[in-house]
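Presented below is the structure to which this report refers.
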Amino acid sequence: MSTVQEIESAIEQLPSTEKWQLIHRLHDVLWKEWDKQIESDDAAGRLDHLIQEVEADIAVGRVKSLDEIIDHS
């Protein structure tokens, strides 16, 4: 297995187009990992408190519609 330093050195040797391809591939990998983590957290109930907070905010009217937010930006 290569060290981070070796990998960084190899990346520096790549043509610009290949560096961009690598960035896009890494981006996709990281987002897929993030999605799996969110799904896991949701299944384990670790997001329940956030959902309850949002539902409470909705119940008392502490939210704005998306249209209102977009129109005022």
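Predicted, not measured: the structure shown is a model, and the values here were computed from it. For this chain, numbers begin at 1 and follow the sequence in order.
- Cluster partners of V63, using a side-chain heavy-atom cutoff of under 4.5 Å among ILVMFWY residues and allowing indirect links, are V54, I58.
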Show the atom names and distances, to 0.1 Å, of all donor-acceptor pairs under 3.5 Å that link a side chain in residues 34-50 to residues at least two apart or in another chain.
| residue | atom | partner | partner atom | Å |
| --- | --- | --- | --- | --- |
| Q37 | NE2 | D41 | OD1 | 2.8 |
| Q37 | NE2 | D41 | OD2 | 3.4 |
| S40 | OG | R46 | NH2 | 3.4 |
| D41 | OD1 | R46 | NE | 2.8 |
| D41 | OD1 | R46 | NH2 | 2.9 |
| H49 | ND1 | R46 | O | 3.3 |

Under 3.5 Å, which donor-acceptor pairs link side chains of residues 9-32 to any protein atom two or more places apart or in another chain?
| residue | atom | partner | partner atom | Å |
| --- | --- | --- | --- | --- |
| H27 | NE2 | W31 | NE1 | 2.8 |

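- The salt bridge (Lys or Arg N to Asp or Glu O under 4.0 Å) search around D57 returns R62, not counting sequence neighbours.
- Shown here is Q5, whose CD atom has no more than 12 heavy atoms of other residues, nucleotides or ligands within 6.0 Å.
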